[in-house]
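Before any comments, here is the structure.
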There are 2 protein chains.
Amino acid sequence: MISTGEKPAMSASKTAGVYTELREDLLNGVYQPGSKLMIDALATRFRVSPSAVREALSRLTSERLVVAMPQKGFTVATVSQEDLDDLTQVRIEIETRCLRRSIELGDIEWEAALLASWHRLCHAGASPLGRAHPDWERLHAQFHDDLVAACDSPWWLRLRHELYIQAERYRRMVRSEADTKRDIEAEHRAILDRTMARDADGAVAALSRHLSQTADHVRRTGLTELLARADRADAI
Amino acid sequence: MISTGEKPAMSASKTAGVYTELREDLLNGVYQPGSKLMIDALATRFRVSPSAVREALSRLTSERLVVAMPQKGFTVATVSQEDLDDLTQVRIEIETRCLRRSIELGDIEWEAALLASWHRLCHAGASPLGRAHPDWERLHAQFHDDLVAACDSPWWLRLRHELYIQAERYRRMVRSEADTKRDIEAEHRAILDRTMARDADGAVAALSRHLSQTADHVRRTGLTELLARADRADAI
DNA sequence: AAGTTAAAGAAAATCTATTTTTTGTCAAAA
DNA sequence: TTTTGACAAAAAATAGATTTTCTTTAACTT
């Protein structure tokens, strides 16, 4: 909706800048789920007026990253085990539907772009920083986008994107943990392999496993602890 | 997201009031799709400050009823034949999935509420004003909500609701036309009948037909003319 | 004549200040 | 001891003014 441009430091508008930074913080779990987002405090922090913060927060409700309560202000969207389970299940259905369609319709250009995205992702993952690499999140999103890019239904893709963002929140919460156990690279390779072979059933199975295992990882690694911490609903 | 309360005239906040009224207008096709929504003009019209209008518009982007363009303001979401077709297809899949689950899980209370909603809807439809009855839209939404109310997946229900709103936009555009040809009552009765009989396949088929025929009706009755009119992209 | 640039007007974005609402606290009464 | 009410502090909501950005128009150059 809002183009951030190449330079995150210099946005098109104040609101856009606050929106981008806040969104990043929210995805990275900087704010405790359920905590209050106080407008004045954020305005001071970002050196802008409360109006700009209000609008940024309003826009973030579109993505369900924050929720607005009339006369009560804004709070960070909450997380829960049930929500993660439900989200994962729905996501698998929608992602795989898009993937099937993409495999059905994709041409050589689609294959080329997907292969390129996969290569970039591998490279970022292989770097010293591993998945903490600042670009890794972006490249990962790009790979999953390109996977379904040949799907011809804007609505399915829109819904897929919505759910991807929600899932990313959960995933990033435990990103800092040492999750080197899983071989995410291998999972991506399997998805790519089956997709390029136009093996729809195989690709769908690989993607489903990938999404399930990501959810499992979040579940086991960090959610319990995170929910415990959420008791102290401290603001900013 | 924002509770409108019983009295639409007296909302919780100015923003909420503007939001509610604008939303109603947008759904009713008061503004031409694609036209500009000028903040000052709306602020004057609703007797509130521009800030309140901005925030209301920001929130309406959540539902994709308006789109925001940085430094350009807000415009009414556009419509198209392709969008309607895609929307309808996705909607059928999601609505029927929710319905299957609802039929599987629904208890007697769910049946009772559904039957009550259907009765109210029938009564409104039978009144002199027919479907132009101001309450008809509300009761219709309630019936379709109650139909899937026993589905236990919040995410599927959320996505269903999103698409319902989008479809409602299209439907209301041609509401004023004389569409007495179709027997909508019969379609609703068929859905209700198959659902209460716990005939999942039959209910899904009836619901699919209902949604398809609604889209067909929009397609044939008014979309062409509407798109033609949309050439004059006049503001407010 | 076509294209480019400059200036003026309009509209969006933003800020500061004010009003309204909520929330937390403390004291008094049951 | 618990509850109730009022008061004070904090935060949200709103208005109005200001700054910035875009768009249109008209003059000017090629």
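Chain letters run A, B, ... following the sequence lines, proteins first, then strands; residues in each count from 1.
- Rounding to whole angstrom units, CE of residue A:M69 and C1' of C:dT22 are separated by 12 Å.
- Legend: residues meeting side chain to side chain contact (heavy atoms under 4.5 Å, CB included) with B:L157, ordered by chain and number and at least two apart, are B:C98, B:V148, B:C151.
- In 5' to 3' order, the nucleotides of DNA chain D bounding all contacts with chain A (an atom under 4.0 Å from a heavy atom) are D:dA11 to D:dT14.
- Each salt bridge (charged side-chain N to carboxylate O under 4.0 Å, His left out) pair with one or both residues in residues 158-169 of chain B, not counting sequence neighbours, appears once here: A:R64-B:E162, B:R64-B:E162, B:E95-B:R160, B:D145-B:R160, B:E168-B:R171, B:E168-B:R172.
- Legend: salt bridge (charged side-chain N to carboxylate O under 4.0 Å, His left out) pairs involving residues 47-56 of chain B, not counting sequence neighbours, sorted by first then second residue: A:R54-B:E55, A:E55-B:R54, B:E55-B:R59.
- Summary of helix geometry: the two end axes of the helix from C:dA1-D:dT30 to C:dA30-D:dT1, each defined by five base pairs via their C1' atoms, are inclined to each other by 20° (rounded to 10°).
- Listed by first then second residue, pairs satisfying salt bridge (charged side-chain N to carboxylate O under 4.0 Å, His left out) with a partner in residues 105-114 of chain A read A:E111-A:R198, not counting sequence neighbours.
- Residues that satisfy the salt bridge (Lys or Arg N to Asp or Glu O under 4.0 Å) test with A:D83, not counting sequence neighbours, are absent from this structure.
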Shorter than 3.5 Å, N or O on both sides, protein versus nucleotides 14-16 of chain C: list them out with atom names.
unit_1: C:dT14; atom_1: OP1; unit_2: A:K14; atom_2: N; d: 2.3
unit_1: C:dT14; atom_1: OP1; unit_2: A:T15; atom_2: N; d: 3.2
unit_1: C:dT14; atom_1: OP2; unit_2: A:T15; atom_2: OG1; d: 2.6
unit_1: C:dC15; atom_1: OP1; unit_2: A:K14; atom_2: NZ; d: 3.1
unit_1: C:dC15; atom_1: OP2; unit_2: A:S49; atom_2: N; d: 2.8
unit_1: C:dC15; atom_1: OP2; unit_2: A:S49; atom_2: OG; d: 2.8
unit_1: C:dC15; atom_1: N4; unit_2: A:S51; atom_2: OG; d: 3.3

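- The salt bridge (Lys or Arg N to Asp or Glu O under 4.0 Å) test applied to B:D85 returns B:R219, not counting sequence neighbours.
- Mapped onto DNA chain C by nearest heavy atom, B:I39 and A:K72 fall at different nucleotides, with B:I39 at the one closer to the 5' end.
- Residues B:Y170 and B:S80 share a closest heavy-atom pair of OH-N, 3.2 Å.
- When the C1' atom of C:dA12 is taken as reference, atom CZ of A:R59 falls 11 Å away, rounded to whole Å.
- A search for salt bridge (Lys or Arg N to Asp or Glu O under 4.0 Å) contacts involving A:R101 returns A:E104, A:D152, not counting sequence neighbours.
- Taking the side chain to side chain contact (heavy atoms under 4.5 Å, CB included) definition, one finds that B:T78 meets it with nothing, sequence neighbours left out.
- Qualifying side chain to side chain contact (heavy atoms under 4.5 Å, CB included) partners for A:V90, counting only residues two or more places apart in sequence or in other chains: A:D86, A:I94, A:L163, B:S153, B:W155, B:W156, B:L159.
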